[in-house]
*Asks:* 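I'd like to ask you about the structure that follows.
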Amino acid sequence: MLYVVRHGQTEWNTEARFQGQQDSPLSALGQQQARNAAAFLTSAGIEELHASPLDRAWKTAGVIAEAIERDRRSDDRLKECGFGACEGMTLEEIEVAFPGKTAWREADRWNRPYPDGESYADVVLRVGSFAEENLRPALQPDGPVICIVAHGMLNRCLVGYLCGWSQEETMTAHQDNDEIFLLSDQSAAKVRVPSV
């Protein structure tokens, strides 16, 4: 079984800013979402906990690690998609700074990044490498129970890669800050974490 957790809500999430590989602190709600996820996962039998080293995911994973009494392992391949020069901006601010760039990217989001950033294809390539090295056994019936704590776009790419989703399915999937993907045998379900 594989649990794919998104970090708790951040201040920039509330402002609709592209975070990418920059960091914004967890909001009060985001801190509570981390505690809720930890409570939900306490009895899941998690044997390995991997996390993005970016602060918002690393702190969320820290709350989970304490609850399940496991160490966190970081990997740069679990970082969020890099949005390059657009990190920290809203869509409106991107349009002012880079006129027409949003429409250009939207025409082929799979292959087109924001300036100095990554495309979906780039992210799938790096997270696929991580998945092949670490996660395939978790999808087997008697495999280990593994938990990943990362980011919205990264998690879509990871789940899409492991489940064989199409490009469109991967790009249009969504995961709220209080939702967890559960994967087994290359199929995925999504659950909303209850408040504690």
Side-chain angles (χ1 to χ4, degrees), residues 1-27 29-41 44 46 49-64 72 75 77-83 87 91 109-110 117-124 126-128 130-131 134-135 138-139 145-196:
M1 176 71 74
L2 176 64
Y3 293 85
V4 181
V5 179
R6 186 179 176 193
H7 61 78
Q9 181 196 71
T10 69
E11 297 295 343
W12 279 4
N13 285 150
T14 66
E15 299 169 8
R17 295 188 180 278
F18 283 70
Q19 293 180 111
Q21 297 183 2
Q22 300 298 312
D23 259 315
S24 170
L26 294 176
S27 66
L29 175 58
Q31 294 172 40
Q32 182 60 51
Q33 289 169 336
R35 292 190 292 271
N36 293 344
F40 179 79
L41 295 168
I46 293 168
L49 176 61
H50 300 268
S52 161
L54 296 176
D55 194 60
R56 57 196 186 270
W58 190 246
K59 284 186 174 171
T60 300
V63 177
I64 295 169
R72 297 168 287 178
D75 195 298
R77 291 172 292 181
L78 294 176
K79 287 182 177 179
E80 179 60 300
C81 174
F83 293 110
E87 292 183 350
L91 277 173
R109 286 189 302 152
W110 190 261
E118 295 178 292
S119 66
Y120 272 89
D122 295 328
V123 176
V124 168
R126 70 172 158 88
V127 81
F130 175 84
N134 298 280
L135 303 181
L139 304 183
V145 180
I146 299 176
C147 180
I148 302 296
V149 183
H151 310 272
M153 184 172 164
L154 185 287
N155 287 355
R156 290 197 299 275
C157 290
L158 172 62
V159 174
Y161 176 84
L162 288 171
C163 294
W165 289 353
S166 68
Q167 293 179 8
E168 188 63 25
E169 287 173 312
T170 300
M171 291 188 295
T172 57
H174 181 74
Q175 181 185 29
D176 289 333
N177 295 98
D178 63 348
E179 292 179 325
I180 297 177
F181 283 111
L182 281 65
L183 279 71
S184 61
D185 194 29
Q186 296 184 331
S187 62
K190 189 167 56 174
V191 297
R192 188 168 300 278
V193 177
S195 296
V196 293

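What you see is a predicted model; the values in this text were computed from it and never measured.
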*Asks:* For the CG atom of Asp178 and the CZ atom of Phe40, what is their distance to the nearest 0.5 Å?
*Replies:*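 Those atoms lie 11.0 Å apart.
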*Asks:* If I compare all heavy atoms of Ile146 with all of Ala138, which pair ends up nearest, and what's the gap?
*Replies:*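 For Ile146 versus Ala138, the nearest heavy atoms are CD1-CB, 3.8 Å.
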*Asks:* Can you list every salt bridge (charged side-chain N to carboxylate O under 4.0 Å, His left out) pair that touches residues 147-173, not counting sequence neighbours?
*Replies:* none
*Asks:* Is a side-chain donor or acceptor of Arg35 paired with a backbone partner of Val196 at a separation under 3.5 angstrom?
*Replies:*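 Answer holds: no.
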*Asks:* Run the side-chain contact (heavy atoms from CB on, under 4.5 Å) test against Leu182 and tell me which residues pass, sequence neighbours left out.
*Replies:* Met1, Tyr3, Ile180, Val191
*Asks:* Could you measure the distance from the NE2 atom of His50 to the CZ atom of Arg72? Nearest 0.5 Å is fine.
*Replies:* 13.5 Å
*Asks:* Let's go through Leu41 and Val5 carefully: what are the C-alpha distance in whole Å and the side-chain angles of both, what is the deciding distance for side chain to side chain contact (heavy atoms under 4.5 Å, CB included) to 0.1 Å, and is it a yes or a no?
*Replies:* CA-CA 10 Å; Leu41 295 168; Val5 179; 4.0 Å; yes
*Asks:* Hey, are the side chains of Leu29 and Thr14 touching, using non-hydrogen atoms and a 4.5 Å cut-off?
*Replies:*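 No, every pair of side-chain atoms sits at 4.5 Å or beyond.
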*Asks:* Would you give the length of the straight line joining atom CH2 of Trp110 to atom OG1 of Thr170, rounded to the nearest 0.5 angstrom?
*Replies:*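 If I round to the nearest 0.5 Å, the distance is 4.5 Å.
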*Asks:* Search all heavy atoms of Gly117 against all heavy atoms of Asp122 and return the closest pair with its distance.
*Replies:* O-OD2, 4.5 Å
*Asks:* Taking side-chain contact (heavy atoms from CB on, under 4.5 Å) as the test, write out the residues that go with Ser24, two or more places apart.
*Replies:*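 Once residues adjacent in sequence are excluded, the partners of Ser24 under the side-chain contact (heavy atoms from CB on, under 4.5 Å) criterion are Thr10, Glu11, Trp12, Gln19.
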*Asks:* Arg77: what forms a side chain to side chain donor-acceptor pair (under 3.5 Å) with it, not counting sequence neighbours?
*Replies:*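 Arg77 satisfies side chain to side chain donor-acceptor pair (under 3.5 Å) with Asp75, Ser129, Glu133 only.
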*Asks:* Working to the nearest 0.5 Å, report the span between CG of Leu54 and NZ of Lys59.
*Replies:* 12.5 Å
*Asks:* What pairs with Gln175 under side-chain contact (heavy atoms from CB on, under 4.5 Å), at least two apart in sequence or on another chain?
*Replies:*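 By the side-chain contact (heavy atoms from CB on, under 4.5 Å) rule, Gln175 matches Arg6, Asn155, Glu179, Phe181.
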*Asks:* What is the minimum heavy-atom distance between Leu49 and Ala61, and which atoms define it?
*Replies:*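 Closest approach of Leu49 to Ala61: CD2-O, 3.7 Å.
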*Asks:* How many angstroms lie between CD in Gln32 and OG in Ser27, if you round to the nearest 0.5 Å?
*Replies:*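 Interatomic distance, Gln32 CD to Ser27 OG, rounded to 0.5 Å: 10.5 Å.
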*Asks:* Can you see which heavy atom on Ile64 is nearest to which on Ala34, and at what distance?
*Replies:*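 The pair with the smallest heavy-atom distance is CG1-O, 4.5 Å.
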*Asks:* Nearest 0.5 Å, what's the CG-CD1 distance between Leu2 and Ile46?
*Replies:*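 Rounded to the nearest 0.5 Å, the CG-CD1 separation comes to 9.5 Å.
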*Asks:* Does some side-chain heavy atom of Glu118 sit less than 4.5 Å from a side-chain heavy atom of Arg126?
*Replies:*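 With C-beta onward as the side chain, the pair touches.
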*Asks:* Taking the side chain as everything from C-beta on, heavy atoms only, tell me whether Gln167 gets closer than 4.5 Å to Tyr120.
*Replies:* no
*Asks:* Please check if the side chain of Asp55 supplies one atom and the backbone of Asp23 the other of a donor-acceptor pair under 3.5 Å.
*Replies:*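 Such a contact is absent between Asp55 side chain and Asp23 backbone.
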*Asks:* With Val127 as reference, evaluate Leu154, Leu135, Ile148 under the side-chain contact (heavy atoms from CB on, under 4.5 Å) test and give the passing residue.
*Replies:*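 The residue from Leu154, Leu135, Ile148 that satisfies side-chain contact (heavy atoms from CB on, under 4.5 Å) with Val127 turns out to be Leu154.
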*Asks:* What are the two closest non-hydrogen atoms of Asn13 and Gly8, and how far apart are they?
*Replies:*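 Shortest heavy-atom contact: OD1-O, 4.1 Å.
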*Asks:* Strictly below 4.0 Å, N to O, side chains only: are Arg56 and Glu80 in salt-bridge contact?
*Replies:* no
*Asks:* Partners of Ala57 by side-chain contact (heavy atoms from CB on, under 4.5 Å), sequence neighbours excluded?
*Replies:*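 side-chain contact (heavy atoms from CB on, under 4.5 Å) list for Ala57, sorted by chain: His7, Ser52, Val149, His151.
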*Asks:* Donor-acceptor pair, distance only, cut-off 3.5 Å: does the side chain of Gln21 make one with the backbone of Lys79?
*Replies:*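 Absent.
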*Asks:* Considering all heavy atoms of both residues, which atom of Val193 and which atom of Asn36 are nearest to each other, and what is their separation?
*Replies:* CG1-O, 3.4 Å
